[in-house]
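Here the structure is laid out as C-alpha coordinates; the discussion comes afterwards.
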Amino acid sequence: MFGPFERSVAARYLSARTGERFVSFNAWFSLIGIALGVATLIIVMSVMNGFRQELLGRILGLNGHLGVFAAEGAMRDFDAVAGRIRGVPGVVAANPVVEGQALVTSEFGGAAGGLARGIRPDDLRAKRIIADNIRAGDLGAFRGEDAIVIGTGLAQRMRVMVGDRITLVSPQGRTTVMGTVPRVRSYEVVALFNTGMHEYDSSFVYLPLEAAQLFFQVPGAATQIEVFVQDPDRVREVQRAILRALADGPRVRVVSWQEANNAFFQAVQVERNVMFIILSLIILVAAFNIVTTQVMLVKDKRKDIAVLRTVGATQGAVMRVFLMTGAAIGVIGTVAGVALGLVFCAYIENIRQFLQWVLGTVIFDPTVYFLSRLPAITDPGEVAQVTAMSLTLSLLASVYPAWRAARLDPVEALRSE
(Lines give C-alpha, C1' and ligand atoms only; values in the text may rest on other atoms or scores of the structure.)
Protein backbone atom coordinates (compact mmCIF):
# COMPACT_ATOMS: atom_id res chain seq x y z
CA MET A 1 0.00 0.00 0.00
CA PHE A 2 2.82 2.40 0.87
CA GLY A 3 5.57 2.49 -1.71
CA PRO A 4 9.13 3.89 -1.41
CA PHE A 5 7.96 7.27 -2.70
CA GLU A 6 5.25 7.65 -0.03
CA ARG A 7 7.56 6.43 2.73
CA SER A 8 10.39 8.82 1.84
CA VAL A 9 8.11 11.85 1.56
CA ALA A 10 6.30 10.98 4.83
CA ALA A 11 9.62 10.56 6.65
CA ARG A 12 10.76 13.93 5.33
CA TYR A 13 7.59 15.63 6.55
CA LEU A 14 7.89 14.05 9.99
CA SER A 15 11.40 15.44 10.54
CA ALA A 16 11.60 19.03 11.74
CA ARG A 17 13.25 21.61 9.52
CA THR A 18 13.83 25.33 9.76
CA GLY A 19 10.48 27.10 9.94
CA GLU A 20 8.62 23.85 10.72
CA ARG A 21 9.42 23.52 14.42
CA PHE A 22 5.89 24.33 15.55
CA VAL A 23 4.34 21.54 13.46
CA SER A 24 6.94 19.07 14.73
CA PHE A 25 6.34 20.27 18.30
CA ASN A 26 2.62 19.50 17.95
CA ALA A 27 3.42 16.08 16.48
CA TRP A 28 5.57 15.23 19.50
CA PHE A 29 2.81 16.30 21.85
CA SER A 30 0.32 14.09 19.99
CA LEU A 31 2.73 11.14 20.22
CA ILE A 32 3.31 11.67 23.95
CA GLY A 33 -0.43 12.02 24.55
CA ILE A 34 -1.16 8.70 22.87
CA ALA A 35 1.70 6.99 24.71
CA LEU A 36 0.51 8.24 28.11
CA GLY A 37 -3.10 7.36 27.33
CA VAL A 38 -2.25 3.80 26.28
CA ALA A 39 0.11 3.29 29.24
CA THR A 40 -2.42 4.67 31.75
CA LEU A 41 -5.20 2.47 30.39
CA ILE A 42 -3.04 -0.67 30.54
CA ILE A 43 -1.85 0.13 34.08
CA VAL A 44 -5.32 0.85 35.46
CA MET A 45 -6.88 -2.22 33.83
CA SER A 46 -4.04 -4.41 35.14
CA VAL A 47 -4.42 -3.04 38.67
CA MET A 48 -8.19 -3.60 38.54
CA ASN A 49 -7.60 -7.19 37.34
CA GLY A 50 -5.06 -7.77 40.09
CA PHE A 51 -7.33 -6.21 42.70
CA ARG A 52 -10.22 -8.48 41.72
CA GLN A 53 -8.02 -11.60 41.50
CA GLU A 54 -6.36 -10.98 44.86
CA LEU A 55 -9.68 -10.30 46.58
CA LEU A 56 -11.26 -13.35 44.96
CA GLY A 57 -8.38 -15.60 45.97
CA ARG A 58 -8.37 -14.43 49.57
CA ILE A 59 -12.14 -14.36 50.01
CA LEU A 60 -12.56 -17.85 48.56
CA GLY A 61 -9.48 -19.16 50.34
CA LEU A 62 -10.99 -18.30 53.71
CA ASN A 63 -14.72 -18.62 53.11
CA GLY A 64 -15.03 -21.47 50.66
CA HIS A 65 -16.89 -21.57 47.39
CA LEU A 66 -20.20 -22.82 48.80
CA GLY A 67 -21.86 -22.73 52.20
CA VAL A 68 -24.39 -25.42 53.13
CA PHE A 69 -26.74 -24.37 55.96
CA ALA A 70 -29.58 -26.14 57.71
CA ALA A 71 -32.96 -24.71 56.81
CA GLU A 72 -33.58 -24.00 60.50
CA GLY A 73 -31.15 -23.80 63.41
CA ALA A 74 -27.83 -25.65 63.58
CA MET A 75 -26.92 -28.77 61.62
CA ARG A 76 -26.81 -31.82 63.89
CA ASP A 77 -25.83 -34.59 61.46
CA PHE A 78 -23.09 -32.53 59.84
CA ASP A 79 -20.61 -35.38 59.39
CA ALA A 80 -23.12 -37.44 57.39
CA VAL A 81 -24.08 -34.43 55.29
CA ALA A 82 -20.42 -33.54 54.69
CA GLY A 83 -19.71 -37.11 53.60
CA ARG A 84 -22.49 -37.00 51.01
CA ILE A 85 -21.26 -33.63 49.76
CA ARG A 86 -17.72 -34.96 49.31
CA GLY A 87 -19.16 -37.60 46.95
CA VAL A 88 -20.50 -34.94 44.57
CA PRO A 89 -18.33 -34.59 41.41
CA GLY A 90 -16.29 -31.40 41.43
CA VAL A 91 -16.14 -31.07 45.24
CA VAL A 92 -12.62 -30.89 46.67
CA ALA A 93 -13.40 -30.53 50.38
CA ALA A 94 -16.37 -30.17 52.73
CA ASN A 95 -15.57 -28.97 56.26
CA PRO A 96 -18.02 -28.49 59.18
CA VAL A 97 -17.74 -25.03 60.72
CA VAL A 98 -19.21 -23.30 63.77
CA GLU A 99 -19.34 -19.57 63.20
CA GLY A 100 -20.48 -16.60 65.26
CA GLN A 101 -19.82 -12.98 66.13
CA ALA A 102 -17.83 -12.17 69.24
CA LEU A 103 -16.19 -9.26 71.03
CA VAL A 104 -12.42 -9.74 71.37
CA THR A 105 -10.59 -8.20 74.34
CA SER A 106 -7.24 -8.64 76.03
CA GLU A 107 -5.72 -7.85 79.40
CA PHE A 108 -3.40 -5.34 77.70
CA GLY A 109 -6.33 -3.16 76.63
CA GLY A 110 -8.35 -2.72 73.50
CA ALA A 111 -11.49 -4.32 72.18
CA ALA A 112 -12.68 -5.19 68.68
CA GLY A 113 -15.52 -7.03 67.03
CA GLY A 114 -14.54 -10.25 65.37
CA LEU A 115 -15.80 -13.36 63.63
CA ALA A 116 -15.01 -16.54 65.53
CA ARG A 117 -14.86 -19.75 63.54
CA GLY A 118 -14.66 -23.23 64.94
CA ILE A 119 -12.89 -25.69 62.65
CA ARG A 120 -11.12 -29.01 63.00
CA PRO A 121 -7.31 -28.74 63.21
CA ASP A 122 -6.73 -30.84 60.08
CA ASP A 123 -9.16 -28.69 58.12
CA LEU A 124 -7.42 -25.50 59.25
CA ARG A 125 -4.02 -26.87 58.23
CA ALA A 126 -5.52 -27.71 54.83
CA LYS A 127 -6.35 -24.01 54.29
CA ARG A 128 -3.19 -22.99 52.47
CA ILE A 129 -3.94 -19.28 52.82
CA ILE A 130 -3.69 -19.77 56.60
CA ALA A 131 -1.14 -22.56 56.90
CA ASP A 132 1.32 -20.94 54.46
CA ASN A 133 1.10 -17.53 56.14
CA ILE A 134 1.76 -18.29 59.81
CA ARG A 135 3.93 -15.45 61.14
CA ALA A 136 4.38 -16.72 64.70
CA GLY A 137 3.53 -19.85 66.66
CA ASP A 138 2.59 -23.25 65.30
CA LEU A 139 -0.66 -24.81 64.10
CA GLY A 140 0.43 -28.01 65.83
CA ALA A 141 -0.72 -26.44 69.11
CA PHE A 142 -4.18 -25.76 67.66
CA ARG A 143 -6.14 -28.39 69.61
CA GLY A 144 -8.17 -28.82 72.77
CA GLU A 145 -10.49 -26.24 74.29
CA ASP A 146 -7.97 -23.52 75.17
CA ALA A 147 -6.33 -22.65 71.83
CA ILE A 148 -7.03 -19.83 69.40
CA VAL A 149 -5.41 -18.58 66.18
CA ILE A 150 -5.76 -14.90 65.26
CA GLY A 151 -4.56 -12.52 62.56
CA THR A 152 -1.57 -10.21 62.93
CA GLY A 153 -3.75 -7.12 62.55
CA LEU A 154 -5.93 -8.17 65.48
CA ALA A 155 -2.86 -9.12 67.50
CA GLN A 156 -1.40 -5.64 67.03
CA ARG A 157 -4.69 -4.02 68.05
CA MET A 158 -4.95 -6.22 71.15
CA ARG A 159 -1.19 -5.89 71.80
CA VAL A 160 -0.80 -9.64 72.26
CA MET A 161 1.74 -12.22 71.09
CA VAL A 162 1.88 -16.00 70.95
CA GLY A 163 1.41 -17.34 74.48
CA ASP A 164 -0.76 -14.43 75.65
CA ARG A 165 -4.47 -14.82 76.35
CA ILE A 166 -7.42 -13.06 74.75
CA THR A 167 -11.05 -13.10 75.80
CA LEU A 168 -14.12 -13.70 73.64
CA VAL A 169 -17.46 -12.27 74.66
CA SER A 170 -20.51 -13.70 72.92
CA PRO A 171 -23.50 -11.41 72.25
CA GLN A 172 -25.79 -14.42 72.88
CA GLY A 173 -26.06 -14.29 76.63
CA ARG A 174 -26.64 -17.01 79.17
CA THR A 175 -29.95 -16.87 81.03
CA THR A 176 -29.65 -16.93 84.84
CA VAL A 177 -31.79 -15.95 87.80
CA MET A 178 -30.03 -12.57 87.67
CA GLY A 179 -30.98 -12.07 84.02
CA THR A 180 -29.06 -12.54 80.80
CA VAL A 181 -25.29 -12.74 81.32
CA PRO A 182 -22.87 -12.61 78.35
CA ARG A 183 -20.75 -15.68 77.80
CA VAL A 184 -17.08 -14.94 78.42
CA ARG A 185 -14.16 -17.28 77.77
CA SER A 186 -10.42 -16.69 77.52
CA TYR A 187 -8.09 -18.60 75.17
CA GLU A 188 -4.35 -18.86 74.65
CA VAL A 189 -3.00 -17.50 71.36
CA VAL A 190 -1.06 -20.36 69.73
CA ALA A 191 -0.41 -18.86 66.27
CA LEU A 192 -0.65 -15.63 64.26
CA PHE A 193 -1.51 -15.56 60.53
CA ASN A 194 -1.23 -12.84 57.90
CA THR A 195 -3.25 -13.41 54.72
CA GLY A 196 -2.40 -9.99 53.27
CA MET A 197 -6.05 -8.89 53.47
CA HIS A 198 -6.39 -6.37 56.27
CA GLU A 199 -10.08 -6.97 56.96
CA TYR A 200 -9.55 -10.67 57.63
CA ASP A 201 -6.27 -10.27 59.52
CA SER A 202 -8.00 -7.80 61.85
CA SER A 203 -11.25 -9.63 62.55
CA PHE A 204 -11.01 -13.42 62.03
CA VAL A 205 -10.19 -15.81 64.88
CA TYR A 206 -10.12 -19.61 64.68
CA LEU A 207 -11.03 -22.05 67.45
CA PRO A 208 -10.97 -25.85 67.47
CA LEU A 209 -14.42 -27.14 66.50
CA GLU A 210 -15.24 -28.59 69.94
CA ALA A 211 -14.21 -25.34 71.67
CA ALA A 212 -16.45 -23.30 69.36
CA GLN A 213 -19.37 -25.69 69.92
CA LEU A 214 -18.98 -25.20 73.65
CA PHE A 215 -18.61 -21.41 73.44
CA PHE A 216 -21.58 -20.87 71.12
CA GLN A 217 -23.65 -23.54 72.91
CA VAL A 218 -24.25 -25.80 69.91
CA PRO A 219 -22.95 -29.15 71.23
CA GLY A 220 -22.60 -31.81 68.55
CA ALA A 221 -23.69 -29.39 65.80
CA ALA A 222 -22.28 -27.10 63.12
CA THR A 223 -23.66 -23.84 61.76
CA GLN A 224 -22.57 -24.61 58.19
CA ILE A 225 -20.51 -26.88 55.97
CA GLU A 226 -17.83 -25.05 54.03
CA VAL A 227 -17.41 -26.52 50.52
CA PHE A 228 -14.48 -26.05 48.14
CA VAL A 229 -14.83 -26.97 44.46
CA GLN A 230 -12.38 -27.53 41.61
CA ASP A 231 -13.58 -24.65 39.42
CA PRO A 232 -15.04 -21.64 41.30
CA ASP A 233 -16.40 -20.18 38.04
CA ARG A 234 -18.64 -23.27 37.57
CA VAL A 235 -19.86 -23.31 41.13
CA ARG A 236 -23.55 -23.19 40.15
CA GLU A 237 -23.35 -26.65 38.57
CA VAL A 238 -21.91 -28.11 41.79
CA GLN A 239 -24.53 -26.18 43.78
CA ARG A 240 -27.35 -27.89 41.89
CA ALA A 241 -25.62 -31.29 42.24
CA ILE A 242 -25.35 -30.85 46.03
CA LEU A 243 -29.03 -29.99 46.30
CA ARG A 244 -29.88 -33.15 44.34
CA ALA A 245 -27.58 -35.25 46.53
CA LEU A 246 -29.22 -33.94 49.72
CA ALA A 247 -32.79 -33.95 48.41
CA ASP A 248 -33.85 -37.00 50.48
CA GLY A 249 -32.35 -35.69 53.74
CA PRO A 250 -33.00 -32.72 56.03
CA ARG A 251 -33.80 -29.49 54.22
CA VAL A 252 -30.76 -27.33 53.54
CA ARG A 253 -29.93 -24.14 51.68
CA VAL A 254 -26.78 -23.78 49.62
CA VAL A 255 -25.23 -20.32 49.12
CA SER A 256 -22.47 -19.80 46.54
CA TRP A 257 -19.66 -17.27 46.77
CA GLN A 258 -21.22 -15.42 43.83
CA GLU A 259 -24.45 -14.93 45.77
CA ALA A 260 -22.72 -14.02 49.02
CA ASN A 261 -20.40 -11.45 47.41
CA ASN A 262 -22.45 -10.49 44.36
CA ALA A 263 -22.87 -6.81 45.24
CA PHE A 264 -19.17 -6.38 45.99
CA PHE A 265 -17.86 -7.94 42.79
CA GLN A 266 -20.55 -6.24 40.70
CA ALA A 267 -19.35 -2.91 42.08
CA VAL A 268 -15.75 -3.80 41.16
CA GLN A 269 -16.82 -4.75 37.62
CA VAL A 270 -18.84 -1.56 37.14
CA GLU A 271 -15.92 0.54 38.38
CA ARG A 272 -13.60 -1.28 36.01
CA ASN A 273 -15.85 -0.62 33.01
CA VAL A 274 -16.27 3.04 33.92
CA MET A 275 -12.52 3.50 34.31
CA PHE A 276 -11.96 1.94 30.88
CA ILE A 277 -14.40 4.38 29.26
CA ILE A 278 -13.00 7.42 31.07
CA LEU A 279 -9.36 6.62 30.34
CA SER A 280 -10.16 5.83 26.71
CA LEU A 281 -11.00 9.52 26.37
CA ILE A 282 -7.30 10.30 26.91
CA ILE A 283 -6.47 8.37 23.73
CA LEU A 284 -9.39 10.01 21.92
CA VAL A 285 -8.14 13.49 22.85
CA ALA A 286 -4.64 12.56 21.68
CA ALA A 287 -6.14 11.35 18.39
CA PHE A 288 -7.83 14.75 17.93
CA ASN A 289 -4.40 16.30 18.43
CA ILE A 290 -3.26 14.23 15.43
CA VAL A 291 -6.05 15.82 13.38
CA THR A 292 -4.84 19.30 14.39
CA THR A 293 -1.22 18.42 13.64
CA GLN A 294 -2.05 16.94 10.25
CA VAL A 295 -4.25 19.89 9.23
CA MET A 296 -1.42 22.27 10.10
CA LEU A 297 1.03 20.07 8.18
CA VAL A 298 -1.21 20.05 5.09
CA LYS A 299 -1.57 23.83 5.27
CA ASP A 300 2.19 24.23 5.62
CA LYS A 301 2.91 21.88 2.69
CA ARG A 302 0.40 23.32 0.18
CA LYS A 303 3.15 24.34 -2.24
CA ASP A 304 4.91 20.97 -1.92
CA ILE A 305 1.65 19.13 -2.58
CA ALA A 306 1.01 21.25 -5.68
CA VAL A 307 4.51 20.53 -7.02
CA LEU A 308 4.08 16.79 -6.36
CA ARG A 309 0.77 16.79 -8.23
CA THR A 310 2.33 18.75 -11.10
CA VAL A 311 5.19 16.27 -11.57
CA GLY A 312 2.76 13.33 -11.71
CA ALA A 313 1.88 12.26 -8.16
CA THR A 314 -1.70 10.97 -8.04
CA GLN A 315 -4.32 11.96 -5.48
CA GLY A 316 -3.99 8.49 -3.96
CA ALA A 317 -0.23 8.91 -3.52
CA VAL A 318 -0.66 12.26 -1.79
CA MET A 319 -3.36 10.82 0.46
CA ARG A 320 -1.14 7.87 1.38
CA VAL A 321 1.71 10.22 2.29
CA PHE A 322 -0.36 12.09 4.85
CA LEU A 323 -2.06 8.92 6.06
CA MET A 324 1.38 7.55 6.75
CA THR A 325 2.54 10.62 8.67
CA GLY A 326 -0.50 10.49 10.94
CA ALA A 327 -0.38 6.72 11.33
CA ALA A 328 3.33 6.89 12.18
CA ILE A 329 2.57 9.18 15.12
CA GLY A 330 -0.10 6.74 16.31
CA VAL A 331 2.04 3.63 15.86
CA ILE A 332 5.11 5.05 17.62
CA GLY A 333 2.99 6.48 20.43
CA THR A 334 1.08 3.21 20.87
CA VAL A 335 4.22 1.06 20.94
CA ALA A 336 5.84 3.42 23.45
CA GLY A 337 2.69 3.41 25.59
CA VAL A 338 2.42 -0.40 25.59
CA ALA A 339 6.07 -0.74 26.57
CA LEU A 340 5.75 1.88 29.32
CA GLY A 341 2.55 0.29 30.67
CA LEU A 342 3.99 -3.25 30.77
CA VAL A 343 7.20 -2.12 32.49
CA PHE A 344 5.23 -0.09 35.03
CA CYS A 345 2.95 -3.06 35.79
CA ALA A 346 5.95 -5.37 36.25
CA TYR A 347 7.52 -3.08 38.88
CA ILE A 348 4.39 -1.39 40.26
CA GLU A 349 4.90 -2.53 43.86
CA ASN A 350 8.54 -1.35 43.84
CA ILE A 351 7.41 1.99 42.41
CA ARG A 352 4.76 2.30 45.11
CA GLN A 353 7.29 1.61 47.86
CA PHE A 354 9.69 4.17 46.37
CA LEU A 355 7.00 6.86 46.12
CA GLN A 356 5.92 6.18 49.71
CA TRP A 357 9.52 6.59 50.82
CA VAL A 358 9.98 9.82 48.87
CA LEU A 359 6.63 11.41 49.79
CA GLY A 360 6.50 10.06 53.33
CA THR A 361 2.86 9.04 53.05
CA VAL A 362 0.82 5.87 52.56
CA ILE A 363 -0.28 5.60 48.92
CA PHE A 364 -2.16 2.28 49.12
CA ASP A 365 -3.73 2.11 52.59
CA PRO A 366 -4.58 -1.53 53.42
CA THR A 367 -7.32 -0.42 55.83
CA VAL A 368 -9.15 1.14 52.87
CA TYR A 369 -8.27 -1.18 49.97
CA PHE A 370 -8.23 -4.46 52.00
CA LEU A 371 -4.89 -5.57 50.50
CA SER A 372 -1.38 -4.99 51.87
CA ARG A 373 0.29 -4.74 48.44
CA LEU A 374 -0.63 -3.23 45.09
CA PRO A 375 -1.41 -6.07 42.66
CA ALA A 376 -1.26 -5.89 38.87
CA ILE A 377 -2.22 -8.72 36.48
CA THR A 378 -1.80 -7.91 32.80
CA ASP A 379 -4.34 -9.51 30.48
CA PRO A 380 -2.87 -10.00 26.95
CA GLY A 381 -6.37 -9.74 25.47
CA GLU A 382 -6.91 -6.35 27.09
CA VAL A 383 -3.50 -5.12 25.95
CA ALA A 384 -4.36 -6.18 22.40
CA GLN A 385 -7.74 -4.42 22.70
CA VAL A 386 -6.15 -1.16 23.88
CA THR A 387 -3.49 -1.37 21.16
CA ALA A 388 -6.06 -1.97 18.43
CA MET A 389 -8.23 0.90 19.69
CA SER A 390 -5.29 3.31 19.75
CA LEU A 391 -4.09 2.36 16.25
CA THR A 392 -7.61 2.57 14.86
CA LEU A 393 -8.25 6.03 16.33
CA SER A 394 -4.87 7.25 15.08
CA LEU A 395 -5.57 6.02 11.57
CA LEU A 396 -9.09 7.48 11.53
CA ALA A 397 -7.74 10.81 12.78
CA SER A 398 -5.41 10.93 9.75
CA VAL A 399 -8.10 10.27 7.14
CA TYR A 400 -9.67 13.73 6.90
CA PRO A 401 -6.41 15.75 6.68
CA ALA A 402 -5.07 13.26 4.11
CA TRP A 403 -8.27 13.57 2.07
CA ARG A 404 -8.00 17.37 2.17
CA ALA A 405 -4.41 17.15 0.97
CA ALA A 406 -5.38 14.84 -1.91
CA ARG A 407 -8.20 17.20 -2.98
CA LEU A 408 -5.92 20.24 -3.08
CA ASP A 409 -5.99 22.01 -6.49
CA PRO A 410 -2.38 22.57 -7.71
CA VAL A 411 -3.40 25.62 -9.73
CA GLU A 412 -4.95 27.33 -6.71
CA ALA A 413 -1.98 26.42 -4.49
CA LEU A 414 0.58 27.84 -6.97
CA ARG A 415 -1.43 30.91 -8.07
CA SER A 416 0.16 33.20 -5.51
CA GLU A 417 3.68 31.78 -5.84
Side-chain angles (χ1 to χ4, degrees), residues 14 25-57 233 264-294 323-356 358-359 362-366 368-371 373-401:
L14 284 171
F25 184 75
N26 278 348
W28 274 103
F29 260 86
S30 301
L31 188 150
I32 293 172
I34 288 177
L36 291 178
V38 169
T40 302
L41 193 52
I42 290 175
I43 292 168
V44 171
M45 290 296 101
S46 298
V47 171
M48 294 295 289
N49 287 339
F51 185 74
R52 183 184 184 279
Q53 191 67 27
E54 288 289 327
L55 283 179
L56 187 61
D233 292 327
F264 180 77
F265 284 104
Q266 284 291 342
V268 172
Q269 184 63 32
V270 169
E271 183 179 0
R272 181 178 176 278
N273 294 337
V274 171
M275 291 298 293
F276 182 88
I277 294 172
I278 293 175
L279 294 175
S280 296
L281 296 178
I282 300 177
I283 302 176
L284 185 61
V285 171
F288 277 113
N289 286 339
I290 293 179
V291 176
T292 304
T293 301
Q294 291 297 95
L323 272 177
M324 194 169 185
T325 57
I329 296 173
V331 169
I332 296 173
T334 300
V335 171
V338 170
L340 178 62
L342 294 178
V343 171
F344 197 97
C345 290
Y347 297 98
I348 192 167
E349 178 61 19
N350 296 333
I351 294 172
R352 182 186 75 91
Q353 296 287 353
F354 174 74
L355 291 177
Q356 284 191 164
V358 171
L359 300 176
V362 178
I363 295 178
F364 190 75
D365 190 352
V368 177
Y369 298 101
F370 304 117
L371 302 177
R373 57 181 295 274
L374 187 60
I377 298 178
T378 303
D379 184 355
E382 287 184 346
V383 174
Q385 182 182 359
V386 172
T387 302
M389 180 181 66
S390 177
L391 294 176
T392 301
L393 289 176
S394 301
L395 183 60
L396 292 176
S398 306
V399 171
Y400 175 71

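As a basis for the values below, the full set of heavy atoms in this structure was taken, side chains included, without hydrogen atoms, waters or symmetry mates.
Here the straight-line distance linking atom CG of Leu281 with atom CZ of Phe288 works out to 10.0 Å at 0.5 Å rounding. The CG atom of Leu391 lies 10.0 Å from the CD1 atom of Ile283; values are rounded to the nearest 0.5 Å. Put simply, CZ on Phe276 and CE on Met389 are 4.5 Å apart, with the number rounded to the nearest 0.5 Å. Put simply, OG on Ser394 and CG on Leu323 are 12.0 Å apart, with the number rounded to the nearest 0.5 Å. Here Ile329 contributes atom CD1 and Leu395 contributes atom CG; the two are 12.5 Å apart, rounded to the nearest 0.5 Å.
Checked against side chain to side chain contact (heavy atoms under 4.5 Å, CB included), Ala397 has the following partners two or more places apart in sequence or in another chain: Ala287, Ile290, Val291. Residues forming a side chain to side chain donor-acceptor pair (under 3.5 Å) with Asn49 (at least two apart in sequence, or on another chain): Arg272, Glu382. Here Ser390 pairs with Thr334 under the side chain to side chain donor-acceptor pair (under 3.5 Å) rule; sequence neighbours left out. In this structure Asp379 satisfies the side chain to side chain donor-acceptor pair (under 3.5 Å) test with no other residue, sequence neighbours excluded. Scanning for side chain to side chain contact (heavy atoms under 4.5 Å, CB included) contacts around Leu355 gives Ile351, Ile363, with sequence neighbours left out.
Taking each heavy atom of Ala376 and Cys345 in turn, the nearest pair found is CB-O, 4.0 Å.
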Can I get a per-line list of side-chain donor-acceptor pairs under 3.5 Å for residues 33-46, giving both atom names and the distance, sequence neighbours left out?
residue : atom : partner : partner atom : Å
Thr40   : OG1  : Leu36   : O            : 2.7
Ser46   : OG   : Ile42   : O            : 2.8
Ser46   : OG   : Thr378  : OG1          : 3.4

